[in-house]
Amino acid sequence: MVAESNGQFRAASDHDVLCVARDIIETLTPRTKMMSPAEAKTFVQVKLAGLEREVFAMLLLDSQHGLIAYAEPFAGTINQATVHPREMVKLALLHNAAAVILAHNHPSRSSEASKADIATTRQLVTALDLVGVRVLDHLIVAGHAVTSMAQLGLM
């Protein structure tokens with residue numbers, strides 16, 4: 001149940017639940033250990049599912065894969081977001097990240113990696129590797145589904 005401004009209550013929608021989940025994620029202590037790929041998937045799903053436009057995000061991790069920060073440096077249209085490798089490298093260096101997990105959503109709810117997704121990932125892996133930052137995965141959020149490009153061998 002959700003309280004309305006007029007004092008009435010209504011059933012919580014999926015959007016309401018996602019908003020509350022995002023608020024909870026925001027309260028997580030920095031350096032939360034990413035224990036498994038499943039936890040990383042849940043984290044980005046809560047952050048990116050249900051957004052109306054494509055958003056490119058990065059989880060910045062320390063050498064023990066503890067979460068230093070979460071950033072959404074690029075947002076685009078309903079079917080694409082332009083990603084600049086230079087800015088991703090700057091962000092990783094700013095946070096002194098040892099590793100990162102890339103993520104973006106597909107508002108179309110198609111969980112399949114596009115040719116552009118694969119090319120962008122490879123470009124980012126190369127750019128980040130030059131400065132000693134390891135890309136652990138690239139997750140694609142499509143509603144309730146999350147695809148791991150690492151598990152599919154696309155990185």
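Fair warning: this is a prediction, and the values are worked out from it, not measured in the lab. The analysis underlying the following values was restricted to heavy atoms, covering all of them including side chains, and did not include hydrogens, waters or symmetry mates.
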Undergrad: Decide yes or no for Arg134 and Asp129: does some side-chain heavy atom of the first lie under 4.5 Å from some side-chain heavy atom of the second?
TA: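 With C-beta onward as the side chain, the pair stays apart.
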Undergrad: Walk me through whether Leu61 and Ile101 qualify under side-chain contact (heavy atoms from CB on, under 4.5 Å).
TA: CA-CA 8 Å; Leu61 308 172; Ile101 296 173; 3.9 Å; yes
Undergrad: Would you mind reporting whether Leu136 and His65 have side-chain heavy atoms less than 4.5 Å apart?
TA: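 The answer is yes, as the side chains (C-beta and beyond) meet within the 4.5 Å cut-off.
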Undergrad: Using side-chain heavy atoms (C-beta onward) and a distance below 4.5 Å, is Pro85 in contact with Gln123?
TA: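 Of all side-chain heavy-atom pairs linking Gln123 with Pro85, at least one is under 4.5 Å.
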Undergrad: Between His144 and Gln45, is there a side-chain heavy-atom distance shorter than 4.5 Å?
TA: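 SC-SC contact between Gln45 and His144 confirmed.
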Undergrad: Keeping Asp137 on the side-chain end and Ala150 on the backbone end, is there a donor-acceptor pair under 3.5 Å?
TA: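 Yes; judged by distance alone, with no hydrogens or angles, the pair exists.
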Undergrad: Say whether, by atom type as modelled, one donor and one acceptor occur between the side chain of Gln80 and the main chain of Glu54 under 3.5 angstrom.
TA: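 No; judged by distance alone, with no hydrogens or angles, the pair does not exist.
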Undergrad: What pair of heavy atoms forms the shortest contact from Ile118 to Ala113, and how long is it?
TA: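 Ile118 and Ala113 have their closest heavy atoms at CG1-CB, 4.2 Å.
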Undergrad: If I compare all heavy atoms of Val44 with all of Ala103, which pair ends up nearest, and what's the gap?
TA: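 Nearest pair, atom of Val44 first, then Ala103: CG1-CB, 3.7 Å.
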Undergrad: Would Leu93 and Val131 count as a side-chain contact (heavy atoms from CB on, under 4.5 Å) if you check the C-alpha gap in whole Å, the side-chain angles of each, and the deciding distance to 0.1 Å?
TA: CA-CA 8 Å; Leu93 292 174; Val131 294; 4.2 Å; yes
Undergrad: Should we count CG of Leu152 as having more than 12 external heavy atoms under 6.0 Å?
TA: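 Counting neighbours around CG of Leu152, more than 12 heavy atoms of other residues, nucleotides or ligands fall under 6.0 Å, so yes.
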Undergrad: Do you know which two heavy atoms are closest between Val83 and Met88, and how far apart they sit?
TA: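 Distance-wise, the nearest heavy atoms are CG1-CG, 3.9 Å.
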Undergrad: Answer yes or no: does atom CG of Asn96 have more than 12 heavy-atom neighbours from other residues, nucleotides or ligands under 6.0 Å?
TA: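 Open.
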Undergrad: Please state whether the rings of His104 and Phe56 are parallel, tilted or perpendicular, taking 30° and 60° as the class boundaries.
TA: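 Ring orientation, 0 to 90° scale: parallel.
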Undergrad: With a 4.5 Å limit on heavy-atom distance, are the side chains of Phe43 and Leu59 in contact?
TA: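 Yes - at least one pair of side-chain heavy atoms lies under 4.5 Å apart.
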Undergrad: Counting C-beta onward and ignoring hydrogens, is there a side-chain heavy-atom pair between Leu124 and Thr121 closer than 4.5 Å?
TA: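 Leu124 does not reach Thr121 side chain to side chain.
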Undergrad: Flag the pair Leu60 / Leu67 as yes when at least one side-chain heavy-atom distance between them is below 4.5 Å, and no otherwise.
TA: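 The answer is no, as the side chains (C-beta and beyond) never meet within the 4.5 Å cut-off.
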Undergrad: Please round to the nearest 0.5 Å and tell me the distance separating atom OG1 of Thr120 and atom NZ of Lys115.
TA: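 Here the interatomic distance stands at 14.0 Å.
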Undergrad: For Ser111 versus Thr147, what's the shortest heavy-atom pair and its separation?
TA: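 Smallest heavy-atom distance, with atoms named: O-OG1, 2.9 Å.
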Undergrad: Do you see a donor-acceptor pair shorter than 3.5 Å between the side chains of Asp117 and Ser114?
TA: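 Yes, a side-chain donor-acceptor pair sits under 3.5 Å.
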Undergrad: Got a sec: does the CD of Glu87 have more than 12 other heavy atoms crowding it under 6.0 Å?
TA: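 Above 12, so yes.
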Undergrad: Any idea which heavy atoms bring Ala71 and Leu91 closest together, and the distance?
TA: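 Closest approach of Ala71 to Leu91, heavy atoms only: CB-CD2, 3.6 Å.
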Undergrad: With a 4.5 Å limit on heavy-atom distance, are the side chains of Val125 and Met155 in contact?
TA: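 Side-chain contact under 4.5 Å: yes.
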Undergrad: Between Thr77 and Arg53, is the side-chain contact (heavy atoms from CB on, under 4.5 Å) condition met? List the steps.
TA: CA-CA 5 Å; Thr77 63; Arg53 61 186 179 148; 5.9 Å; no
Undergrad: At their closest point, which heavy atom of Ala97 faces which heavy atom of Ile68, and how far apart are they?
TA: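 Looks like CA-CD1, 4.0 Å.
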Undergrad: Given the rule that I, L, V, M, F, W and Y join up when any side-chain heavy atoms are under 4.5 Å apart, are Ile78 and Ile140 in one cluster?
TA: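 No; tracing contacts between hydrophobic side chains, which count when under 4.5 Å, never links both residues.
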